[in-house]
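The shown structure was predicted, so the numbers you read here are calculated from the model rather than taken from an experiment. Lettering follows sequence order; numbering is per chain, from 1.
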Protein chains: 2
Amino acid sequence: MLDAPNVDRQSRRREQTRREILDAAWDVARSAGLTGLTLRDVASRVGMRAPSLYSHFDSKHAIYDAMFGEAWTAYEEIKLAEESRLTDDLRECAHLIARTFFDFAVADPPRYQLMNQRVIPGFEPSPENYAPAVRVLAAAQVIAAERGLRDPDDLVLLLAVIGGLIDQQIANDPGGDRFARMLPRAVDMWADGVGLPRTTTTEKDTR
Amino acid sequence: MLDAPNVDRQSRRREQTRREILDAAWDVARSAGLTGLTLRDVASRVGMRAPSLYSHFDSKHAIYDAMFGEAWTAYEEIKLAEESRLTDDLRECAHLIARTFFDFAVADPPRYQLMNQRVIPGFEPSPENYAPAVRVLAAAQVIAAERGLRDPDDLVLLLAVIGGLIDQQIANDPGGDRFARMLPRAVDMWADGVGLPRTTTTEKDTR
DNA sequence: GTCTATACACCGATAGAC
DNA sequence: GTCTATCGGTGTATAGAC
């Protein structure tokens, strides 16, 4: 039997090193692009040589995989924190969720690329790290269904609309807000299209 | 002075070699992914060594650049051929244009990635090869305006909706039609949202 | 277990012979 | 115009120091 505190300390240390590596990987991705990430860059940022990373990750794809899981987990946490602010009105909820997701995506384009586009040749997320993505979508489906949305495809459509605007914003107006400004209209169009009643309050987000 | 026919023959030969290289590049991109393209792969497909490509293109990015222009030009030609089938009804036109663009995109995901997403670190299309993309959008704006669409942003919104569905289709159901089937509903939602009259004919595309 | 050193095959790009 | 040779870079595997 191993000494429990020792095991704990070691595995905690290990976990911490993984954290540092992943943080460095995010840094590199943000400055060199997602596919511009290199192991040597990542390693040098944590004071290692590239091969040393293999003590903590099986391959470069394994790093991408962990990043994929982290990205969706980060968004999941934001969404959970946001749930307390959700009302019974689905249209309002859609506005809130759309804005949150849009801002989350645009704040870190490489992260969005990793989450929602197939950019890295040969990379597919492992089931383990794909799980948070599935959970987020399932939770959104529940929220929508509880508020009267019948067809699950309707939610998919909303996500497609938001995703389309995110794409345009990142590709054609990075750093700007040309497409961000169109988000409320897009959400209202969707809400009208799926038959949600018009909200009467003037609180609607039109920034 | 150079012999004119000779110049012609030489420059035609040169142009043909460029064509072969670009065709090979498309082949490689389709089989290895857009960012998985390598000069050695391209060269071997045209019976050359990699450095020889530099006699025809300044860099790998220059090849991407030419491909970018080709992709938008190809779509521009499809759109021009399609114009004869356009009616006066903007909703109908939107359905047709959406379907055409969706099919065009899904038929060749790396091409779509190159056209509409910023996937290659450091690559930005040259003004020359960006031009067809601008022309296509401008032509679409004219078509929409002629049929009564007032706000140019409304067309951008339609393109975002279509793009969002394309993303989902490519990333989450490649080869399938889960999101393709949602396209007509999405277009109708948009048409309703911008105040277009409902088409009364039963000819509507619901496949 | 953790890391380094070394090595390999591959990459984009350049120089220079032919 | 195309080749060979080569450069500095990449991901990755492995042997071995600690």
Side-chain angles (χ1 to χ4, degrees), chain A residues 1-22 24-25 27-29 31-67 110 114 119-124, chain B residues 2 6-22 24-25 27-29 31-67 110 114 119-124:
Chain A
M1 282 281 212
L2 289 168
D3 195 16
N6 226 352
V7 167
D8 263 9
R9 213 185 311 149
Q10 261 192 21
S11 73
R12 272 217 332 265
R13 177 88 181 82
R14 230 187 119 63
E15 198 49 44
Q16 188 184 329
T17 305
R18 273 179 66 100
R19 262 263 48 77
E20 284 175 30
I21 290 170
L22 288 175
D27 280 351
V28 174
S31 76
L34 187 64
T35 59
L37 181 147
T38 72
L39 295 185
R40 282 167 174 81
D41 273 1
V42 174
S44 87
R45 262 179 220 243
V46 295
M48 280 182 184
R49 307 291 187 179
S52 304
L53 298 177
Y54 283 81
S55 301
H56 303 274
F57 292 93
D58 285 342
S59 66
K60 189 182 186 183
H61 275 23
I63 295 179
Y64 280 134
D65 196 42
M67 292 169 80
L114 180 60
V119 157
I120 298 140
F123 169 69
E124 279 199 69
Chain B
L2 290 167
N6 226 353
V7 168
D8 263 7
R9 215 185 309 147
Q10 260 192 24
S11 74
R12 273 219 331 267
R13 177 86 182 83
R14 234 188 114 65
E15 199 50 44
Q16 188 184 328
T17 305
R18 273 179 67 100
R19 262 263 48 77
E20 284 174 31
I21 291 170
L22 288 175
D27 280 350
V28 173
S31 76
L34 187 65
T35 59
L37 181 147
T38 73
L39 295 185
R40 282 166 174 81
D41 275 0
V42 174
S44 88
R45 264 181 219 241
V46 295
M48 278 183 182
R49 304 294 187 172
S52 304
L53 298 178
Y54 284 81
S55 300
H56 303 274
F57 293 93
D58 285 343
S59 66
K60 189 184 186 183
H61 275 22
I63 295 180
Y64 280 133
D65 195 42
M67 291 168 80
L114 181 59
V119 157
I120 297 141
F123 169 68
E124 279 198 69

Mind running a 4.0 Å heavy-atom check of residues 39-51 of chain B against DNA chain C and sending the residues that fall below it, in number order?
->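 Contacts with DNA chain C under 4.0 Å: B/L39, B/R40, B/P51.
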Scan B/L37 against the nucleic acid and name what it touches under 4.0 Å (heavy atoms): base, sugar-phosphate only, or nothing.
->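 Counting heavy atoms under 4.0 Å across all strands, the contact made by B/L37 is with sugar-phosphate only.
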Please work out if A/T38 contacts a base, only the sugar-phosphate, or nothing of the nucleic acid, heavy-atom cut-off 4.0 Å.
->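 Sugar-phosphate: the residue A/T38, judged by heavy atoms under 4.0 Å, touches backbone atoms but no base.
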Taking only residues two or more places apart in sequence, or in another chain, which ones meet [X] in a side chain to side chain donor-acceptor pair (under 3.5 Å)?
X: A/T35; answer: none
X: A/R13; answer: A/T17
X: B/R19; answer: B/D23, B/E70

Name every donor-acceptor pair, under 3.5 Å, that has one atom in a side chain of residues 40-57 of chain A and the other anywhere in the protein, sequence neighbours excluded.
from  : atom 1 : to    : atom 2 : distance (Å)
A/S44 : OG     : A/D41 : O      : 3.2
A/S52 : OG     : A/R49 : O      : 3.4
A/S55 : OG     : A/S52 : O      : 3.4

Terminal contacting nucleotides, 5' and 3', DNA chain D versus chain B (heavy atom, 4.0 Å) =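 The contact span of chain B on DNA chain D goes from D/dG1 to D/dA5.
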What is the separation between atom [atom1] on [X] and atom [atom2] on [N], rounded to the nearest whole Å?
X: B/D58; N: C/dA13; atom1: CG; atom2: P; answer: 10 Å
X: B/Y54; N: C/dA13; atom1: OH; atom2: P; answer: 3 Å
X: B/I63; N: C/dC11; atom1: CD1; atom2: P; answer: 14 Å

With nearest nucleotides of DNA chain D determined for A/S59 and B/R14 from heavy-atom distances, which residue corresponds to the more 5′ nucleotide?
->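 Closest to the 5' end, via its nearest nucleotide, is B/R14.
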For the pair B/F123 and B/Y64, name the ring-plane relationship: parallel under 30°, tilted 30 to 60°, perpendicular over 60°.
->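 Correct class here is tilted.
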So which heavy atom on B/A29 is nearest to which on B/P110, and how close?
->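 That closest heavy-atom pairing would be O-CG, 3.5 Å.
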Do you know which two heavy atoms are closest between A/G36 and B/P121, and how far apart they sit?
->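 Here A/G36 and B/P121 meet closest at N-CG, 3.7 Å.
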Just wondering, do B/E20 and B/Q16 contact through their side chains at under 4.5 Å, heavy atoms?
->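 Side chain of B/Q16 against side chain of B/E20, heavy atoms only: contact under 4.5 Å found.
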